[in-house]
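Every chain is numbered from 1 and lettered A, B, ... according to where its sequence line falls, protein lines coming before strand lines.
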There are 2 protein chains.
Amino acid sequence: MLAKSEQAITNADRTFFQLRKDIVEGIIPAGSKLSEMELSTKYEVSRAVIREAINRLATCHLVERKANVGARVVALSPEGLIQLYQVREALEGMAARLAARYMTDEEIADMQALLDSHFDKVKDGQSYYQEAGDVDFHYRIVTGSKNDHLISVLVDGLYHLVRMYRVQLGMAGPRVSTAFDEHRHIVNAIANRDEELAEMLMRRHILYSKNNIEKKLNHG
Amino acid sequence: MLAKSEQAITNADRTFFQLRKDIVEGIIPAGSKLSEMELSTKYEVSRAVIREAINRLATCHLVERKANVGARVVALSPEGLIQLYQVREALEGMAARLAARYMTDEEIADMQALLDSHFDKVKDGQSYYQEAGDVDFHYRIVTGSKNDHLISVLVDGLYHLVRMYRVQLGMAGPRVSTAFDEHRHIVNAIANRDEELAEMLMRRHILYSKNNIEKKLNHG
DNA sequence: TGGGCATATATTGTCGACATTAGTCATTTT
DNA sequence: AAAATGACTAATGTCGACAATATATGCCCA
């Protein structure tokens with residue numbers, strides 16, 4: 001999905017990525033117990049490798065671990081999703097501000113080109129590109145902040161949790177055209193080096209997404 | 001230091017806390033290599049326990065790990081500290097906003113009382129309480145947000161990194177009296193349930209701290 | 001019959017040994 | 001002489017076995 005430089009070197013890496021994928025996509029159900037023995041036979045690695053993978057998942061908040069008891073996949077709750085979006089609003093708002101400050105002109109031009117290509121595809125009705133496009137857009141802003149902590153918390157942590165919610169609660173993409181307009185305005189603000197506006201627009205963009213999701217959760 | 005519920009159950013827990021403390025306080029120097037064998041003899045536990053502790057430290061970004069090579073304590077850099085404060089500004093600003101929304105009247109009253117006691121102590125010239133008081137104040141706001149992700153990222157992650165910088169760069173507390181005024185104003189905004197103002201004041205408060213630190217780094 | 005306690009079992013926590021990899025140094029070849 | 005290649009070494013990665021802990025079962029007693 002992400003064209004990130006997350007490449008697996010060791011078995012623990014591979015197992016971690018595989019487990020994370022299986023959890024995010026709901027192959028391993030939310031709230032279910034993660035037995036080290038069971039997983040070590042299933043993934044054909046030793047318990048130590050599974051333990052390391054589970055520990056990493058725990059620090060990503062995809063699983064919760066209790067000493068001498070074991071680990072469970074986190075349970076999905078509406079409040080959890082709201083809280084996730086509150087953090088996203090704060091962090092990605094700051095990311096947009098920093099992107100307006102630190103992104104190079106080339107990076108901004110690339111991002112504008114990316115948005116154009118997305119727009120063409122959406123115009124042709126290929127709305128299934130929406131999620132990938134949205135991910136791409138947010139990813140570029142976040143990396144454009146040039147802030148390693150920000151990047152890590154979002155890309156390595158929150159985004160996987162958000163994806164888990166979206167996949168398992170069946171939140172495929174509504175809000176296609178409006179979201180694209182919002183993306184466009186954010187990029188314009190960044191191109192104008194208007195930090196204040198970039199942050200404000202990004203925060204509103206995420207707030208709208210949150211409200212939209214809340215609506216679906218309540219009336220759906 | 002923190003009266004948190006972080007209590008060690010297993011040896012890995014204890015070793016993790018001990019290692020974290022030694023790194024934050026500079027007993028293990030920034031940038032130095034962490035040899036698993038060496039540490040396992042030093043802390044009198046097996047290599048597996050050390051490995052688990054190091055892995056946890058890696059996800060806290062206190063150490064950096066490279067596959068088949070080893071782990072090093074992160075290097076301190078002025079840019080790193082700036083980036084940390086950028087993330088703090090975003091997250092604690094949101095925390096103040098959410099605290100204004102979700103803290104109970106009792107929690108707010110407690111916090112005001114805490115501030116009063118701090119003020120009395122500072123008035124008497126006991127300025128060495130400043131850092132602990134500051135930590136207490138920020139900790140209450142963050143937990144008052146009732147947002148688990150926010151709490152975890154800040155309390156389990158960033159605060160230890162910030163403390164590492166403060167300890168090792170010798171940033172003991174200046175800005176005592178002005179910081180107290182800022183704290184007071186933030187609490188007032190929260191008591192008035194003014195989310196917008198609470199967030200804005202908190203962001204400024206952290207921004208001022210950042211500027212103050214930058215000044216010391218440059219002229220110090 | 002219901003509750004508390006002791007035992008039993010299954011799971012996690014811990015350990016030491018082995019396998020594998022990266023880095024170093026010496027040798028060889030051009 | 002310089003560069004490349006090969007083996008050597010020391011570290012990390014992986015594994016299976018043992019120890020400690022929590023939950024479940026069943027027994028005893030009120």
Side-chain angles (χ1 to χ4, degrees), chain A residues 4-23 27-75 156, chain B residues 4-23 27-75 156:
Chain A
K4 251 206 63 184
S5 58
E6 263 189 337
Q7 85 177 33
I9 307 286
T10 86
N11 276 343
D13 292 336
R14 266 182 293 279
T15 308
F16 168 62
F17 293 138
Q18 184 67 44
L19 255 178
R20 187 177 63 184
K21 187 180 170 222
D22 291 348
I23 288 174
I27 296 171
I28 299 176
S32 64
K33 189 172 190 318
L34 293 175
S35 163
E36 294 181 357
M37 275 198 327
E38 191 183 325
L39 292 175
S40 83
T41 59
K42 183 176 173 185
Y43 291 94
E44 295 178 325
V45 288
S46 95
R47 256 188 65 216
V49 172
I50 293 288
R51 269 182 77 81
E52 181 170 336
I54 289 181
N55 276 329
R56 289 200 221 172
L57 291 169
T59 53
C60 295
H61 295 276
L62 281 167
V63 314
E64 285 171 347
R65 153 160 270 170
K66 244 170 59 180
N68 291 314
V69 173
R72 311 189 76 86
V73 179
V74 294
D156 298 333
Chain B
K4 251 206 67 185
S5 58
E6 265 189 337
Q7 85 177 32
I9 307 287
T10 84
N11 275 343
D13 292 336
R14 266 183 292 279
T15 309
F16 168 62
F17 293 138
Q18 185 65 45
L19 254 179
R20 187 176 63 186
K21 187 180 170 225
D22 290 349
I23 289 173
I27 297 171
I28 299 176
S32 64
K33 189 172 189 317
L34 293 175
S35 162
E36 295 181 357
M37 275 198 324
E38 191 183 325
L39 292 174
S40 84
T41 60
K42 182 175 172 187
Y43 290 95
E44 293 178 328
V45 288
S46 95
R47 256 189 64 216
V49 173
I50 294 288
R51 267 182 79 80
E52 182 171 337
I54 290 182
N55 275 329
R56 289 200 221 172
L57 291 168
T59 55
C60 296
H61 296 276
L62 281 167
V63 313
E64 284 171 346
R65 153 159 272 172
K66 241 170 64 179
N68 291 314
V69 174
R72 312 189 75 85
V73 179
V74 294
D156 298 332

Trainee: Of all the nucleotides listed (dT14(C), dA22(C), dT12(D)), which has the minimum atom distance to the side chain of Glu36(B)?
Mentor: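 Selected nucleotide (nearest to the side chain): dT12(D).
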Trainee: Can you identify which nucleotide, out of dT12(D), dT14(D), dG13(D), has its nearest atom closest to the Val49(A) side chain?
Mentor: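 When the side chain of Val49(A) is considered, dT14(D) is the closest of dT12(D), dT14(D), dG13(D).
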Trainee: Given atom OH of Tyr43(A) and atom C1' of dT14(D), what is their separation to the nearest angstrom?
Mentor: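 The distance from OH of Tyr43(A) to C1' of dT14(D) comes to 19 Å, rounded to the nearest Å.
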Trainee: Using a cut-off of less than 4.0 Å, is there contact between a side-chain N or O of Arg51(B) and OP1 or OP2 of dT12(D)?
Mentor: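 Result: no.
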Trainee: Please compare Lys66(A) and Glu44(A) by the position of their nearest nucleotide in DNA chain D and report the one closer to 5'.
Mentor: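 Closer to the 5' end of DNA chain D: Glu44(A).
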Trainee: Taking atom CG of Leu57(A) and atom CG of Leu62(A), what is their separation to the nearest 0.5 Å?
Mentor: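 The CG atom of Leu62(A) is 6.0 Å from CG of Leu57(A), to the nearest 0.5 Å.
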Trainee: Taking the side chain of Ala48(A) as heavy atoms from C-beta outward, which of dT21(D), dT12(D), dC15(D) is closest to it?
Mentor: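 From the listed options, dC15(D) comes nearest.
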Trainee: Do the side-chain N or O atoms of Lys33(B) get closer than 4.0 angstrom to the phosphate oxygens (OP1, OP2) of dT12(D)?
Mentor: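 It does, given that an N or O in the side chain of Lys33(B) lies less than 4.0 Å from OP1 or OP2 of dT12(D).
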Trainee: Under a 3.5 Å distance rule, please check whether Arg72(A) uses its side chain to pair with a backbone N or O of Gly31(A) as donor and acceptor.
Mentor: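 Yes; at least one donor-acceptor contact below 3.5 Å.
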Trainee: Whole angstrom is fine here: how far is it from CD in Glu38(B) over to C1' in dA11(D)?
Mentor: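 So the two atoms are 12 Å apart, to the nearest Å.
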Trainee: Round to a whole Å and report the spacing from CG of Asn68(B) to C1' of dG23(C).
Mentor: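 In whole Å, dG23(C) C1' lies 12 Å from Asn68(B) CG.
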Trainee: Ignoring backbone atoms, establish whether Arg65(B) has a side-chain N or O less than 4.0 Å from OP1 or OP2 of dG13(D).
Mentor: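 Indeed, a polar side-chain atom of Arg65(B) lies that close.
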Trainee: Could you state the CG-P distance from Asn55(A) to dT14(C), rounded to the nearest angstrom?
Mentor: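 So the two atoms are 11 Å apart, to the nearest Å.
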Trainee: Measure the distance from CD on Glu52(A) to C1' on dG13(D) and round it to the nearest whole Å.
Mentor: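 These atoms are roughly 8 Å apart.
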Trainee: What does Leu34(B) touch in the nucleic acid at a heavy-atom separation under 4.0 angstrom: a base, only the sugar-phosphate, or nothing?
Mentor: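 Counting heavy atoms under 4.0 Å across all strands, the contact made by Leu34(B) is with sugar-phosphate only.
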Trainee: Take the protein atom CG of Asp13(A) and the nucleotide atom C1' of dT21(C), then report the distance between them rounded to whole Å.
Mentor: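 Between C1' of dT21(C) and CG of Asp13(A): 14 Å.
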Trainee: With side chains defined as the heavy atoms from C-beta onward, is the minimum distance between Arg56(B) and Leu19(B) less than 4.5 Å?
Mentor: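 Not in contact.
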Trainee: Would you say Arg65(B) and Asn55(B) are linked by a side-chain donor-acceptor pair, where the criterion is simply a distance under 3.5 Å?
Mentor: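 Note: Asn55(B) and Arg65(B) side chains meet the donor-acceptor criterion.
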Trainee: Arg47(B) side chain: which of dT14(D), dG23(C), dT23(D) is closest?
Mentor: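 So the side chain of Arg47(B) is nearest to dT14(D).
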Trainee: Within this structure, what is the CE-to-P distance between Met37(A) and dA10(C), rounded to whole angstrom?
Mentor: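 Atom CE in Met37(A) sits about 9 Å away from atom P in dA10(C).
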Trainee: Ignoring hydrogens, what is the shortest heavy-atom contact between Ala12(A) and Val49(A)? Give both atom names and the distance.
Mentor: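 Ala12(A) and Val49(A) have their closest heavy atoms at CA-CG1, 3.6 Å.
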Trainee: Identify which nucleotide among dT11(C), dA22(D), dC15(C) has an atom closest to any side-chain atom of Val69(A), counting heavy atoms from C-beta outward.
Mentor: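 Output: dA22(D).
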Trainee: Quick test of your reading of the model: are Glu52(B) and Arg51(A) salt-bridged, counting only N-O distances below 4.0 Å?
Mentor: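 A salt bridge links Glu52(B) with Arg51(A).
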Trainee: If you find the nucleotide of DNA chain C closest to Gly70(A) and the one closest to Ile9(A), which residue's nucleotide is nearer the 5' end?
Mentor: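 The answer here is Gly70(A).
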Trainee: Tell me whether the OP1 or OP2 atom of dG13(D) has a side-chain N or O from Asn11(A) closer than 4.0 Å.
Mentor: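 So the side chain of Asn11(A) is outside the cut-off, no N or O lying under 4.0 Å from OP1 or OP2 of dG13(D).
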Trainee: Could you tell me the separation between the CG atom of Leu39(B) and the C1' atom of dT14(C), rounded to a whole number of Å?
Mentor: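 From Leu39(B) CG to dT14(C) C1': 17 Å.
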Trainee: It should be established whether Thr10(A) places a side-chain nitrogen or oxygen under 4.0 Å from OP1 or OP2 of nucleotide dT12(D).
Mentor: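 Answer is no, no contact under 4.0 Å.
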Trainee: Side chain of Ser46(A), heavy atoms from C-beta onward: which of dT21(C), dG13(C), dC15(D) has the nearest atom to it?
Mentor: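 The closest nucleotide is dC15(D).
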